[in-house]
Amino acid sequence: MASLIPVGIAGLGRYVPERKLTNYDLEQIVDTSDEWIVQRTGIRERRIAAPEEVTSTLALAAAQAALADANMAADEIDLVLCATVTGDQPFPATACRVGHDLGATRAGGFDIAAACSGFVFASQIAAGFVQSGQFRNVMVIGAEVLSRILDYEDRNTCVLFGDGAGAAIYTSLERAGRGEYLGGSVSMEGGAEAILAQPGGGSRHPASKDSIEQRLHFMKMGGTRVFRFAVRVFAELVQKVVDTYGRDQIGVIVPHQVNQRIIEAAMDQVGLPMDLAFINIDRYGNTSAASVPIALREAYDAGRMEKGKLVLMPAFGAGMAWGHVLLRW
Ligand code: UT7
């Protein structure tokens with residue numbers, strides 16, 4: 001078997017919509033308070049896409065930023081992967097629209113529907129393609145317009161989520177010169193549709209007068225069960241990396257921005273200080289597949305990547321599904 005090509009990250013990009021929806025704004029919409037939201041989640045505001053913006057608009061802006069960061073032309077991209085559960089439409093894939101608008105004339109593309117784990121799963125697909133030599137440059141995007149599937153009559157969900165997009169270009173380590181891909185994981189416990197899902201619109205509950213009346217096209221969530229699940233798998237993922245590489249090798253943990261308390265509880269279980277984690281949930285809420293790549297770019301801009309140290313990205317969400325990506329910067 002031919003030896004694997006070492007993989008790195010050539011470029012990082014992010015885009016968030018202009019409009020901010022603060023906790024005080026939400027107080028006017030549902031029975032909630034800034035105090036409750038900040039104490040229970042750490043969120044202060046989130047971004048909401050403009051009416052003319054769709055998921056591919058956000059994804060395109062993040063992808064363009066990643067290309068600029070990598071000093072790479074769009075026609076050098078071989079594959080566009082878009083992780084999203086709020087694509088422009090059920091099909092065709094949002095990745096195809098983004099590839100077209102980007103000018104990625106040689107690329108193929110498809111979407112990955114893995115909710116909050118989408119970006120870390122797509123990253124592993126991208127790394128595999130580059131390692132094998134099948135593709136040289138793979139654009140991985142996580143993009144969501146969750147505001148279009150949120151029920152602004154349901155305070156259990158609508159305060160938690162926001163819109164945004166992030167992107168990373170996986171290429172050979174030789175070209176990238178940074179962000180060596182060390183590996184990752186993909187896990188699931190199926191049959192958990194009742195805990196976190198958008199029930200309507202698929203083959204189980206196709207769009208109908210009834211499905212609309214029952215509000216099945218909006219996200220539904222049993223928050224406390226998700227909370228317990230997230231703390232457990234987040235702590236397990238981090239513990240494994242600590243056991244394998246040693247605590248002192250970890251430079252920064254860039255977790256799925258799910259809830260400040262979930263991140264604190266998991267870090268505490270593993271015995272790691274909170275300042276090892278990069279957090280931006282206060283400004284964006286949970287942006288599902290977009291949360292890790294937005295945070296990754298912001299951690300990079302904040303100088304949090306230490307040369308030679310590990311960058312760990314754990315993610316978890318609907319499925320239930322979870323996994324991680326590990327880089328050496
Ligand atoms: O990427 C994965 C996606 N999932 C998530 O991000 C959610 C993960 N879960 C969570 O973040 C937490 O479970 C929540 C923040 C959703 C809730 O926190 P909690 O500590 O699990 O809830 P709690 O037991 O402290 O509070 C629940 C109560 C309920 O009232 P009753 O039934 O006890 O009277 C809710 O009705 O809090 C009420 N509640 C609210 N009150 C004010 C729920 N949402 C709100 C709200 N404002 N927005």
Side-chain angles (χ1 to χ4, degrees), residues 21-46 83-86 112-122 142-147 149-164 166 187-190 192-199 218-235 237 254-268 277 279-295 313-324:
L21 183 70
T22 67
N23 293 348
Y24 299 106
D25 296 329
L26 281 163
E27 286 179 359
Q28 310 305 312
I29 302 171
V30 285
D31 180 14
T32 191
S33 66
D34 173 63
E35 193 191 359
W36 191 96
I37 300 171
V38 172
Q39 273 183 7
R40 298 299 213 291
T41 71
I43 302 166
R44 291 181 186 277
E45 60 188 34
R46 63 292 286 144
T84 186
V85 288
T86 52
I112 284 120
C116 305
S117 310
F119 176 79
V120 302
F121 291 0
E144 304 282 9
V145 180
L146 292 163
S147 58
I149 64 159
L150 288 177
D151 185 348
Y152 285 96
E153 293 182 11
D154 176 13
R155 66 178 184 173
N156 291 295
T157 50
C158 74
V159 305
L160 301 174
F161 298 92
D163 303 337
S187 303
M188 68 173 176
E189 280 168 11
E193 292 86 352
I195 305 179
L196 179 55
Q198 179 190 9
F218 292 122
M219 184 196 299
K220 313 279 180 214
M221 185 176 67
T224 308
R225 290 173 73 187
V226 177
F227 193 103
R228 288 199 205 105
F229 153 81
V231 173
R232 172 170 59 84
V233 299
F234 182 176
L237 284 171
V254 183
H256 169 44
Q257 306 290 312
V258 56
N259 176 323
Q260 173 99 19
R261 279 167 56 224
I262 290 175
I263 298 170
E264 282 170 2
M267 294 291 282
D268 186 55
I279 310 279
N280 63 8
I281 192 168
D282 49 323
R283 286 174 289 136
Y284 306 125
N286 178 345
T287 57
S288 191
S291 101
V292 172
I294 292 173
M313 295 173 265
F316 25 82
M320 306 307 280
W322 68 98
H324 79 286

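In this chain, residues are counted from 1 in sequence order. Here the structure is a predicted model, which means the values were calculated and not measured. All ligand and atom numbering here is 1-based and tracks the order in the structure.
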Using a 4.0 Å heavy-atom cut-off, say whether [X] meets ligand 1 through its side chain, its backbone, both or neither.
| X | answer |
| --- | --- |
| N286 | side chain |
| N259 | side chain |
| V159 | side chain |

Atoms in ligand 1 flagged as close to [X], the criterion being non-hydrogen separation under 4.0 Å:
| X | answer |
| --- | --- |
| T41 | 15 (C) |
| H256 | 1 (O) |
| C116 | 1 (O), 2 (C) |
| R261 | 18 (O), 20 (O) |
| T32 | 42 (C), 46 (C), 47 (N), 48 (N) |

Closest protein heavy atom (residue, atom, distance) for [atom]:
| atom | answer |
| --- | --- |
| atom 17 (C) of ligand 1 | W36 CH2, 3.9 Å |
| atom 12 (C) of ligand 1 | F227 CD1, 3.7 Å |
| atom 24 (O) of ligand 1 | T224 OG1, 4.4 Å |
| atom 25 (O) of ligand 1 | R40 NE, 2.8 Å |
| atom 43 (C) of ligand 1 | N156 OD1, 3.1 Å |

Looking at F229 versus F316, is the centre-to-centre ring distance below 6.0 Å?
-> no
Test of proximity, G223 against ligand 1: N or O pairs below 3.5 Å | yes
Kindly confirm or rule out an N or O of R155 lying under 3.5 angstrom from an N or O of ligand 1.
-> yes
Test item: I294 and Y284 side chains (from C-beta on) under 4.5 Å apart, heavy atoms = yes
If we only count heavy atoms from C-beta on, is the T41 to L160 side-chain gap below 4.5 Å?
-> yes
Minimum-distance pair of heavy atoms, taken over all atoms of [X] and [Y]:
| X | Y | value |
| --- | --- | --- |
| V292 | P314 | CG2-O, 4.5 Å |
| I263 | F234 | CA-CE1, 3.6 Å |
| N280 | Q257 | N-OE1, 2.9 Å |

Begin from the C-alpha positions of T86 and E144 and carry the test side-chain hydrogen bond (donor to acceptor under 3.5 Å, both in side chains) through to its verdict.
-> CA-CA 6 Å; T86 52; E144 304 282 9; 2.6 Å; yes
Could you tell me the separation between the CZ atom of F119 and the OG atom of S288, rounded to the nearest 0.5 Å?
-> 13.0 Å
Give, for atom CD1 of I43 and atom CG of D282, the distance between the pair rounded to the nearest 0.5 Å.
-> 9.5 Å
Test R46 against every option in T287, N286, N23 by the side-chain hydrogen bond (donor to acceptor under 3.5 Å, both in side chains) rule and name the one that passes.
-> N23
Looking at [atom], is any protein heavy atom nearer than 4.0 Å to it?
| atom | answer |
| --- | --- |
| atom 32 (O) of ligand 1 | no |
| atom 27 (C) of ligand 1 | no |
| atom 5 (C) of ligand 1 | yes |
| atom 15 (C) of ligand 1 | yes |
| atom 40 (C) of ligand 1 | yes |

Check the pair V226, M320 against side-chain contact (heavy atoms from CB on, under 4.5 Å), reporting the backbone distance first and the verdict last.
-> CA-CA 9 Å; V226 177; M320 306 307 280; 4.3 Å; yes
Run the numbers on R225 and E189 for salt bridge (Lys or Arg N to Asp or Glu O under 4.0 Å), then give the verdict.
-> CA-CA 13 Å; R225 290 173 73 187; E189 280 168 11; over 6 Å; no
